[in-house]
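So the structure is just underneath, and the comments pick up after that.
The figures that follow rest on heavy atoms only: side chains count, while hydrogens, waters and symmetry mates do not.
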Amino acid sequence: MKTVLITGGSRGIGKAVAMKFAENGYKIIINYVSDKTDTEQLKKELLQAGAADILLIKADVSNSEDVKNMVKETIEKFEKIDVLVNNAGICNDMILDFKTYDDFKKVIDVNLNSTFLVTKYISKLMKSGSIVNISSTNGIDTYYPESIDYDASKAGVISLTHNFAKIFAPKIRVNAICPGWVETDQNKELSIKQIKDIKKNILLKRFAKPKEIANVVFFVANESYINNAVIRVDGGSIC
């Protein structure tokens, strides 16, 4: 029976990924950083969906001590990790004149530095398996001036993916998934006009559902000959 650890797994894409693995009988470790009430409800949903076992771990994955403690809790519960999904991420969009260094650094810490820290320590529990990093098309070519920190962090995740793939080969495969626009809380503040304008540049004329991203994550995690790949899941962006 396999075990997956998902950072930022309590909502959005992370929650959908957890549900997909649950449906396939995985033991699941959910990392979260804030509301345990929602996470406890998610635990019930995952068990109902078919998860073999659930471990909830509160940790700031941009903090090295928190990550080390997460590893300790993981070892106490499970012997090994088969799949790691580095999903934790935030955005804090604003124009450059108002964006402070602390604003910029926070996004880099959560999105990029956490991928480094979690991979560094959790990979020691992986004798084989797969690491899937959630990047973004923002890290490839869909740049937004108000998102310079987010864009830079996601480009960095892609770079880490390539280097980790070399470091851990041939035992552990490492890939990056790059979603475009997804129906998550992160995008709820967009205006109707903004949404219409964005959809004009998507060939499928809609945002992705979190489940659609989760399906790709699960496939890549379990398909044994995909490695060092950067996979767009953006509905055919033509921006």
Specify whether W181 and Y144 have parallel, tilted or perpendicular ring planes, treating 30° as the upper limit for parallel and 60° as the lower limit for perpendicular.
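Perpendicular: the ring planes of W181 and Y144 meet at over 60°.
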Aromatic plane relationship, F164 with F116 - under 30° parallel, 30 to 60° tilted, over 60° perpendicular
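Parallel.
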Evaluate the criterion side chain to side chain contact (heavy atoms under 4.5 Å, CB included) for residue pair K154 and T137; output intermediate values, then yes/no.
CA-CA 8 Å; K154 292 303 185 178; T137 55; over 6 Å; no
Short N-O contact, [X] and [Y], less than 4.0 angstrom:
X: K106; Y: D102; answer: no
X: D141; Y: R232; answer: yes
X: E212; Y: K209; answer: no
X: K15; Y: E45; answer: yes
X: D109; Y: K105; answer: yes
X: D82; Y: K27; answer: no

Specify the closest pair of heavy atoms between T7 and N87, including all atoms of both residues, with the distance to one decimal.
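Looking at all heavy atoms of both residues, the closest pair is OG1-N, 2.8 Å.
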Hey, what do you get for [atom1] ([X]) to [atom2] ([Y]), rounding to the nearest 0.5 Å?
X: K124; Y: I81; atom1: NZ; atom2: CD1; answer: 14.5 Å
X: I108; Y: S62; atom1: CD1; atom2: OG; answer: 11.5 Å
X: N175; Y: I226; atom1: CG; atom2: CD1; answer: 6.5 Å

For the NZ atom on K196, are there more than 12 heavy atoms of other groups (residues, nucleotides or ligands in this structure) within a distance under 6.0 Å?
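It does not: K196 NZ has 12 such atoms or fewer within range.
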Axial cation check for Y32 ring with K58, 6.0 Å and 45° limits
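Relative to the ring axis of Y32, which defines the angle, K58 lies outside at least one limit.
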